[in-house]
Amino acid sequence: MLVILTGAGISKESGLDTFRDAGGLWQKVSMEDVATPEGFARDPDGVHAFHNSLRKTLLSESIAPNAAHLALGRLEKESAEPVLLITQNIDNLHERGGSKAVLHMHGELLQARCTRCRKVFPWLSDLFTADPCPECSATGTLRPNIVWFGEVPFFMDEISQALSRCSTFVSIGTSGNVYPAANFCVLARQGGARLVELNLEPSNLARVFNESHYGPATRIVPEWVESVLKSGAPGKDGI
């Protein structure tokens with residue numbers, strides 16, 4: 001199995017703001033106010049307004065999957081071995097780029113979750129405190145289906161199993177600053193996987209990778225995918 005981890009760097013070239021980079025969202029708003037359970041308890045309307053703004057941007061005509069997303073969709077379709085894509089991103093650009101085996105470990109912006117009945121729903125419009133849950137009809141219980149700070153990421157059991165048995169682990173567009181994702185390369189290496197980093201610049205964990213390629217994701221990801229599909233051996237031939 002080929003396991004790929006993606007971060008904000010792959011969606012930045014589609015026009016979506018990153019959270020941690022210089023000029024990113026956390027330099028514009030307080031993450032404690034808009035991306036924590038405590039912030040939601042204090043000011044649910046403010047948290048909804050923040051996520052409504054993100055959702056509108058994602059759904060705007062100017063945002064589309066880029067060459068890197070499309071290349072990963074092609075890889076999943078044409079690879080000789082199964083491909084699992086784990087993303088830290090809350091957008092839907094991987095799916096729009098053709099990827100189907102995608103685990104959103106930090107949740108999805110285009111979903112809402114009821115804190116009462118625990119049901120998850122597609123949600124493409126603004127979300128408000130007064131909106132009733134489509135399942136249990138409770139009000140004031142819907143929230144974005146996003147993993148906020150202080151919460152446990154989704155799919156950790158599935159991710160751990162995949163990392164333990166993958167042949168190649170690829171990290172794309174990640175800084176190596178956010179845990180537990182930053183530790184995935186170490187876990188994959190312990191399982192015997194070959195490690196490949198595709199990034200704009202070396203991450204904090206660049207030294208642990210067997211192979212690295214640096215540059216814009218829209219260039220290096222399609223080149224790497226092309227080399228993998230030609231050779232049939234992920235991470236063994238250069239690009």
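This chain uses plain numbering: 1 for the first residue, then up along the sequence.
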**OP:** Verify side chain to side chain donor-acceptor pair (under 3.5 Å) between Ser167 and Glu81, making sure each step is shown before the conclusion.
**Re:** CA-CA 9 Å; Ser167 61; Glu81 64 177 317; 3.0 Å; yes
Original post:
Do Glu211 and Arg194 pass the salt bridge (Lys or Arg N to Asp or Glu O under 4.0 Å) test, and can you show the C-alpha distance, the side-chain angles, and the key distance before you say yes or no?
Top reply: CA-CA 8 Å; Glu211 179 183 341; Arg194 180 175 177 82; 3.5 Å; yes
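Counting only heavy atoms from C-beta outward, the side chains of Ile4 and Leu75 approach each other to under 4.5 Å. Side-chain contact between Pro180 and Met156 is present, with at least one heavy-atom pair separated by less than 4.5 Å. You'll find the side chain of His69 reaches within 4.5 Å of the side chain of Ser11, heavy atoms only. Under the 4.5 Å side-chain criterion, counting only non-hydrogen atoms from C-beta, Phe121 is not in contact with Asn145.
Aromatic ring orientation, Trp148 versus His51: tilted (interplanar angle from 30° to 60°).
For the residue pair Ser14 and Asn66, the shortest heavy atom distance occurs at OG-ND2, 3.0 Å. Summarising the geometry of Ser227 relative to Trp224, their closest heavy-atom pair is OG-O, 2.7 Å, with the distance given to 0.1 Å. Scanning all heavy atoms of the two residues, the minimum distance from Ser99 to Glu76 falls at CA-OE1, 3.6 Å.
Arg74 has a carboxylate O that lies under 4.0 Å from a charged side-chain N of Glu226, or vice versa, which qualifies the two as a salt bridge.
For Ser203 and Glu197, the side-chain atoms include at least one donor-acceptor pair closer than 3.5 Å.
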